[in-house]
There are 2 protein chains.
Amino acid sequence: MLDHTDKEILKELLENSRISMKQLGEKVHLTGQAAANRVLKLEEEGVIENYTVTLNQAKIGYPVHTFINIYTKSTKHDPYLSFLDKHQAYVKNNYKISGDGCYLLECRFPDNSELDEFLTELNHYTNYKLSIVINKRNGLTT
Amino acid sequence: MLDHTDKEILKELLENSRISMKQLGEKVHLTGQAAANRVLKLEEEGVIENYTVTLNQAKIGYPVHTFINIYTKSTKHDPYLSFLDKHQAYVKNNYKISGDGCYLLECRFPDNSELDEFLTELNHYTNYKLSIVINKRNGLTT
DNA sequence: CATATTGACTTGAAATATGAAAGAGGTTGG
DNA sequence: CCAACCTCTTTCATATTTCAAGTCAATATG
């Protein structure tokens with residue numbers, strides 16, 4: 001389904017999605033038009049979901065990065081989920097997981113006091129276990 | 001530091017980073033050039049870190065999404081970290097966390113058998129607790 | 001065997017976007 | 001008040017994208 005050139009294209013786009021099709025073509029040994037055609041196909045197939053941007057979260061005012069394990073008290077999850085809806089500004093991801101707990105909630109906060117408020121309110125709906133991200137490293141080299 | 005227009009720009013870029021500066025300008029009520037100038041400044045300030053693309057992980061052959069809590073046995077983390085280096089294809093993020101455990105490791109696998117292999121090898125370096133992502137939902141609406 | 005058919009790429013011309021320079025308008029500080 | 005400074009706009013040369021043919025190779029069809 002994906003050949004080697006497609007993978008190269010995806011790799012380049014992961015690193016810089018604003019590259020021109022002409023430049024992208026040069027990198028993967030195609031003309032700009034051929035590259036553009038392949039990219040279009042990848043979009044249509046749903047392989048490429050979205051073009052986006054990674055932001056420095058500290059610089060946009062959300063330095064406190066947390067993962068919160070959620071253990072819902074009741075069998076009904078809707079109160080918890082609508083609580084999340086109310087706090088979309090903080091919520092980055094809410095993963096429904098197997099294993100310990102029901103959800104793994106990834107959130108960002110401007111500071112600890114807002115985190116504290118959030119947790120206090122969260123505790124009306126669920127039990128939780130908090131982990132704060134100290135650092136994000138992908139290996140020895142990074 | 002960031003005014004309202006900057007935030008609008010970031011919002012648009014999060015949704016579509018391949019938008020032309022001209023179109024972006026229209027969306028935030030500026031000319032293309034003014035928008036481009038602001039974007040350039042956001043890049044220089046480090047607010048914008050990278051332009052990238054979100055891929056359908058299932059369609060590129062990595063459907064099994066996991067979070068693995070890591071509890072290192074020894075005080076030396078380097079063996080674990082170089083183990084991660086060896087398996088970069090699987091590793092999406094390795095967060096150093098406070099709270100329970102030392103790291104929260106986010107990985108993707110093509111199938112359960114590769115996950116199994118990975119865990120077996122991982123167990124030489126650390127104890128772990130596995131969570132498999134069943135679904136990713138950010139609230140009632142999604 | 002000759003001939004369609006298909007898919008992926010290339011070419012070239014027109015439409016569109018980008019980037020640099022010059023200018024207009026508003027704000028700040030001496 | 002005036003000069004300096006920002007930020008935005010306008011203009012125009014340059015670069016990129018898009019669209020319509022056209023080429024080429026591989027595969028299927030009579």
Side-chain angles (χ1 to χ4, degrees), chain A residues 1-63 88-89 108-111, chain B residues 1-63 88-90 108-111 114:
Chain A
M1 186 169 171
L2 296 183
D3 67 11
H4 178 66
T5 304
D6 287 329
K7 285 177 188 164
E8 279 190 309
I9 286 174
L10 295 178
K11 183 166 157 291
E12 293 299 331
L13 288 177
L14 279 168
E15 284 171 16
N16 176 17
S17 63
R18 276 194 72 84
I19 193 172
S20 76
M21 287 301 124
K22 192 165 179 245
Q23 279 182 285
L24 178 61
E26 283 167 19
K27 292 220 179 201
V28 303
H29 312 296
L30 291 176
T31 59
Q33 290 78 347
N37 285 342
R38 276 176 179 261
V39 169
L40 196 65
K41 187 178 282 182
L42 290 167
E43 291 171 7
E44 283 166 357
E45 290 170 347
V47 174
I48 293 175
E49 292 183 337
N50 190 29
Y51 297 99
T52 188
V53 74
T54 58
L55 303 178
N56 184 313
Q57 298 290 328
K59 290 190 176 160
I60 60 171
Y62 285 83
Q88 282 185 14
R108 291 235 174 221
F109 299 91
D111 53 48
Chain B
M1 186 170 173
L2 296 183
D3 67 11
H4 178 65
T5 304
D6 287 328
K7 285 178 189 164
E8 279 190 307
I9 286 174
L10 295 179
K11 183 165 157 289
E12 293 299 331
L13 289 178
L14 279 169
E15 284 171 17
N16 177 17
S17 63
R18 275 195 73 83
I19 193 172
S20 76
M21 287 300 123
K22 191 163 180 252
Q23 280 182 284
L24 178 60
E26 283 167 19
K27 292 222 178 199
V28 303
H29 312 296
L30 291 176
T31 60
Q33 288 75 357
N37 284 343
R38 276 176 180 262
V39 169
L40 195 66
K41 187 178 281 182
L42 289 168
E43 290 171 7
E44 284 167 357
E45 289 170 349
V47 174
I48 293 175
E49 292 184 337
N50 189 28
Y51 297 99
T52 188
V53 75
T54 58
L55 303 179
N56 184 314
Q57 298 290 329
K59 290 190 178 161
I60 62 171
Y62 285 83
Q88 281 185 15
Y90 300 142
R108 290 234 175 223
F109 299 91
D111 53 48
E114 292 203 32

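Chain identifiers are assigned alphabetically (A, B, ...) following the order of the sequence lines, protein sequences preceding nucleic acid strands; residue numbering begins at 1 within each chain.
- With B/Arg18 contributing its side chain and A/Ile19 its backbone, the two residues share a donor-acceptor pair below 3.5 Å.
- Listed here is the closest heavy atom pair of B/Arg108 and B/Pro63: NH1-O, 3.9 Å.
- In this view, B/Lys22 satisfies the salt bridge (charged side-chain N to carboxylate O under 4.0 Å, His left out) rule with no residue, not counting sequence neighbours.
- Along DNA chain D, the stretch of nucleotides lying under 4.0 Å from any heavy atom of chain A spans, 5' to 3', D/dT16 to D/dC19.
- Under the rule for a side-chain hydrogen bond (donor to acceptor under 3.5 Å, both in side chains), the partners of A/Asp111 that lie at least two apart in sequence or sit in another chain are A/Ser113.
- Contacts with DNA chain D (heavy atom under 4.0 Å) in residues 8-20 of chain B: none are found.
- Looking at heavy atoms from C-beta onward, A/Leu42 lies out of side-chain contact with A/Leu13 at the 4.5 angstrom threshold.
- Rounded to the nearest 0.5 angstrom, B/Ile9 CD1 and B/His4 NE2 are separated by 10.5 Å.
- Proximity of residues 26-55 of chain B to DNA chain D (heavy atom under 4.0 angstrom from any strand atom) is restricted to B/Leu30, B/Thr31, B/Gln33, B/Ala34, B/Arg38, B/Lys41.
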Sequence neighbours left out, cut at 3.5 Å: what donor-acceptor pairs do the side chains of residues 52-60 of chain B make with other protein atoms?
{"residue": "B/Thr52", "atom": "OG1", "partner": "A/Leu14", "partner atom": "O", "Å": "2.8"}
{"residue": "B/Thr54", "atom": "OG1", "partner": "A/Asn50", "partner atom": "N", "Å": "3.2"}
{"residue": "B/Thr54", "atom": "OG1", "partner": "A/Asn50", "partner atom": "O", "Å": "3.4"}
{"residue": "B/Asn56", "atom": "OD1", "partner": "B/Ala58", "partner atom": "N", "Å": "3.1"}
{"residue": "B/Asn56", "atom": "OD1", "partner": "B/Lys59", "partner atom": "N", "Å": "3.1"}
{"residue": "B/Asn56", "atom": "ND2", "partner": "A/Glu49", "partner atom": "OE2", "Å": "3.4"}
{"residue": "B/Lys59", "atom": "NZ", "partner": "A/Glu45", "partner atom": "O", "Å": "2.9"}

For nucleotides 25-28 of chain C, give me every protein contact, N/O to N/O, under 3.5 Å, one pair per line with atom names.
none

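- If you take CE of B/Met21 and C1' of C/dA17, they are 11 Å apart, rounded to a whole angstrom.
- Sorted by first then second residue, the side-chain hydrogen bond (donor to acceptor under 3.5 Å, both in side chains) pairs that include residues 6-17 of chain A, not counting sequence neighbours, are A/Asp6-A/Arg38, A/Ser17-B/Ser17.
- When the side-chain hydrogen bond (donor to acceptor under 3.5 Å, both in side chains) test is applied to B/Tyr51, the partners found at least two apart in sequence or on another chain are B/Glu43.
- A/Ala34 pairs by the side chain to side chain contact (heavy atoms under 4.5 Å, CB included) definition with A/Leu30, A/Thr31, not counting sequence neighbours.
- Taking B/Phe109 as the reference, B/Tyr90, B/Phe118 meet the ring-ring contact (aromatic ring centres under 6.0 Å, His included) condition, with sequence neighbours excluded.
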